[in-house]
Amino acid sequence: MQTAQSAPVSATEILLSDGVILLGAAVLFVILFRRFGLGAVLGYLVAGALVGPQGLGLVGGGESKLAIAEIGIVLLLFLVGLELHPARLWRLKRDIFALGLAQVVLCGCVLTAIIFYFTGFSWGAAIALGLPLALSSTAQVLPGLKSSGRINSPFGEKVFSILLFQDLSIVPLITIVAALSRNPADAGGPPGWMMAGYTVAAIAGLVLAGRFILRPLLALVGRLGERELFVTVGLFTVLASAALMHSLHLSTALGAFVAGVMLADSPYRHEIEADVEPFRSILLGLFFLAVGMVLDLRAVADNPLFVLSMAIMLVATKAAIITGLARLFGMDWRPALGAGLLLSQGGEFGFVLFAQAQGALLIAPQAASLFSAIVTFSMATTPFLMLFARKFEFAQPKNGSDLPDPDEAPRGTAIIVGYGRFGQTVAQMLMGHGFGVVLIDKKPAQIEVSSRFDMKVYYGDGTRIDLLHRAGADEARLIAFCIDDPSLDSHMLQPIANAFPQAALMVRAFDRRQVLALQDMDLAGVVREVYESAICMGVQAMQSLGVSNEEVEEVERQYRANDGQRMALQIEHGTLLAAKDLMFRPGQAMRLLSRGDGDKA
C-alpha cells in the first residue's frame, strides 16, 4: 500500500508550485530591473536562470515551458499584423524583401565564416550555427516599438521590415538545415520546393479564411455584444492559424501574422487587440523565463571566455552590418546606427534552429547549449543598447543642422509638443493672452512651413525627457501634447509627469480608446481631437434639415450628457462596450429626447 509520503505529486500541485515560484521570481526581478532602468526582459531572464534547474533547482521542465511560451511570440506577431493594412505592407515591400533579405544573407554568411575559421567547426555545423544567429529577437524589439508607437515611424518601419523578413526566412533556414542533415531519419522529409509551396498555399488559405469566415463570424459576435466571445474568437484565430502552419512544418508566427493582417481593416480590430494583449504579455514573460531556465550554466561556467567573446562578436558584427545596410537604403547614419544596435542581438528562433541542427546530427548537444547561451547573453545586452538606440533614432535628418535646437529656446510658461493643425490653435490662443510658449515638432517640413509665417518651432521628439529639459520644462507650468499619436499612453507620460511635477499635462486624444489608456494619469485635460468639430457639424446638419433651434440645442445637450456618462462608465469598467444603451440609435433618438424634455420639466 502506498504511503502518503510516497504518493505521486499531481499535475495540479506541480502547476501551482511552479506557477507561484516563477511568477514570484518574475515580479521581484522585473520590478528590480525596471527600477534600475534595465528593462523587463533582462529581469525575466535572470529570474528564470536563478530558479531553473541550473540555478537553485526550484522549478524544472524548462524545455516544455519554452514550447508553451512560444505562443507568446505567435500572439505578438498577430497583434503586429492587426496594425498593418495590406496596402501598407505593399508600400514596405522594398524594405522587407530587399533590406531584409540583404541583412539575413550578409549577417548569416559573415557569422558562418567567423564560426568556421575561429572555432574549428565543420562547414555544415558552422552554417547550422551561423545562419540562425543572423535573426534578431522579435520578442524584445517589437513590443518596445509597438508600445511607444514608433512602429509607424520611418525608423520603426525599417526595423519592422527587417524583423518580418527574418520571420519569413525561418522556412528556408529550416530547409537548409534539413538538406545538410546527417540523420537518416530526415531523409524522408519534404524537399525545399515543397515547403515553399506549402507556405504559399497556407498563406492563401489564411487570406480566404479571413475574408469569408472570420469577418462574418466577427460581425455575428459584434451583434451579440458578448465580450467573452471576442476573447474566444481572437484566441481561436491565433491558435488556428498557428496550428495550420505548424502542421506543415512552417513558421507558426508567420501564420499568426498573416491572420492579423487579414483583420487589420476590420471594425472589430481594436476589440480583438485589447482582448488578446493580456495573453501576449503573460506568455511572452513566460517565454523569457523559460529561456533563462534552459540556459546551461555549467556549459557557460566551463567556457566563460568563449561565450562572452562570441556574444560580443555577435552583437558587434550585426550592429556594424545592419548599420551599413541601413545607410545604403537611405537612412542617415545616426538612425542607421540606432537600428543596428536595436537588432544586434540573437533571436528566440535561434533556440528552435539549434535544436533542429542537433537533431540533424550537425552539432553536439554541448554546442547547442553553448550557442544558446551566446544568444541569451546577446539578448541580455539589448536593454542597454536600446538606451543608445533611442538617442540615435530621433537624430536630425539631412541638413538638420539648419533646424532650431530646443537649447536655443527662451524659457516659456507653456510647451506645445506638436505644431500641426491642432497645436497651432492651442498655441495661438495662449500667445493671444500673452503667455510665453515654446513650440516643438519633429517634422522638418512642418518647421520649415511654420518659419514662413515667422513662427519659431524647435526640432525634436517632445516625448523625450532629456529634450524637454533642454526646452525649459523644469520652469514651465504647462506641457500640452498636441501630437497625432494614438499610442501615447500613461506608460509614456508618467515618467514625464514625475520629471516635471510642477507642470500641468494636457493630451490630445485620438479616440475613446486613448482616453481609456490615459485613465491612470492625473492630467489637467484630455481632449478628443474631433469631438467638438463633429458636434458642430451635427448641429449644422440638423439645422440644414429644418430642425428648430430649440430641438437642436436639446439634442446637443442630451448627446453631451450621454457621451459624458458613457465615458465615465467605460473608464470605470475598462471596456468600450460599457453603457451601449446610452447611444442614440435609429428609432431611439426621439424617445431619448422626450426623456430629456421630461427631465427638464
Inset, instruction - Write out all pairs satisfying salt bridge (charged side-chain N to carboxylate O under 4.0 Å, His left out) with one or both partners inside residues 492-509, taking only residues at least two apart or from two chains. - result: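 Sorted pair list: R508-E529.
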
Nearest heavy-atom neighbours spanning [X] and [Y]:
X: I415; Y: A471; answer: CD1-O, 4.0 Å
X: P495; Y: S490; answer: CD-O, 4.4 Å
X: C482; Y: G418; answer: CB-O, 3.6 Å
X: G460; Y: L467; answer: CA-CD1, 3.4 Å
X: L289; Y: Y44; answer: CD2-O, 3.5 Å
X: Q502; Y: A476; answer: NE2-O, 3.0 Å

How many angstroms lie between [atom1] in [X] and [atom2] in [Y], if you round to the nearest 0.5 Å?
X: I416; Y: D441; atom1: CD1; atom2: CG; result: 11.5 Å
X: M245; Y: S241; atom1: CE; atom2: OG; result: 8.0 Å
X: E553; Y: E550; atom1: CD; atom2: CD; result: 7.5 Å
X: I479; Y: L505; atom1: CD1; atom2: CG; result: 5.5 Å
X: L23; Y: L28; atom1: CG; atom2: CG; result: 12.5 Å
X: L439; Y: Q428; atom1: CG; atom2: CD; result: 9.0 Å

Check: [Y] and [X] side chains under 4.5 Å, non-hydrogen atoms:
X: L493; Y: L488; value: yes
X: L343; Y: V159; value: yes
X: I440; Y: V457; value: no
X: I162; Y: S136; value: no
X: Y419; Y: S450; value: yes
X: R528; Y: D511; value: no
X: S161; Y: L99; value: no
X: F155; Y: L342; value: yes

Legend entry - Residues that Q494 engages under side-chain hydrogen bond (donor to acceptor under 3.5 Å, both in side chains), provided they are two or more places apart: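 If we apply the side-chain hydrogen bond (donor to acceptor under 3.5 Å, both in side chains) test to Q494, skipping adjacent residues, the hits are N498.
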
Inset, instruction - Go through the steps to decide whether V426 and F422 satisfy the test side-chain contact (heavy atoms from CB on, under 4.5 Å), and finish with yes or no. - result: CA-CA 7 Å; V426 177; F422 192 99; 4.0 Å; yes

Quick one: does any side-chain atom of [X] pair with a main-chain N or O of [Y] as donor and acceptor, under 3.5 Å?
X: Q543; Y: N549; answer: no
X: Q570; Y: V515; answer: no
X: Q514; Y: F510; answer: yes
X: D563; Y: R566; answer: no

Inset, instruction - Classify the angle between the aromatic ring planes of F435 and H433 as parallel (below 30°), tilted (30 to 60°) or perpendicular (above 60°). - result: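 Taking H433 first and then F435, their aromatic rings lie parallel (interplane angle under 30°).
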
State whether [X] and [Y] are salt-bridged, where the test is any N-O pair (Lys NZ or Arg NE/NH1/NH2 against Asp/Glu carboxylate O) under 4.0 Å.
X: D484; Y: R421; result: no
X: D489; Y: R513; result: no
X: D332; Y: R334; result: no

Legend entry - N562 and Q558: side chain donor to acceptor below 3.5 Å: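 Distance-only check passes for N562 and Q558.
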
Inset, instruction - Evaluate the criterion side-chain contact (heavy atoms from CB on, under 4.5 Å) for residue pair M429 and Q424; output intermediate values, then yes/no. - result: CA-CA 9 Å; M429 291 183 71; Q424 289 171 17; over 6 Å; no

Legend entry - Exceeds 12 heavy-atom contacts within 6.0 angstrom, atom CZ of F236: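 Result for CZ/F236: open.
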
Inset, instruction - Identify, with sequence neighbours excluded, every residue that meets salt bridge (charged side-chain N to carboxylate O under 4.0 Å, His left out) alongside E556. - result: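 If we apply the salt bridge (charged side-chain N to carboxylate O under 4.0 Å, His left out) test to E556, skipping adjacent residues, the hits are R560.
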
Inset, instruction - Using the test salt bridge (charged side-chain N to carboxylate O under 4.0 Å, His left out), find all partners of D95 that sit at least two apart in sequence or belong to another chain. - result: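 K158.
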
Inset, instruction - Verify side-chain contact (heavy atoms from CB on, under 4.5 Å) between L478 and L430, making sure each step is shown before the conclusion. - result: CA-CA 11 Å; L478 170 70; L430 290 173; 4.1 Å; yes

Inset, instruction - Could you go through the side-chain contact (heavy atoms from CB on, under 4.5 Å) check for V27 and I31 one step at a time? - result: CA-CA 6 Å; V27 169; I31 290 176; 3.7 Å; yes

Legend entry - Residue pairs passing the side chain to side chain donor-acceptor pair (under 3.5 Å) test where at least one lies in residues 474-483, sequence neighbours excluded: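 Matches after skipping sequence neighbours: H469-D474.
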
Inset, instruction - Kindly write out the residues that satisfy side-chain contact (heavy atoms from CB on, under 4.5 Å) with A499, not counting sequence neighbours, or none if the list is empty. - result: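 A499: side-chain contact (heavy atoms from CB on, under 4.5 Å) contacts with I465.
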
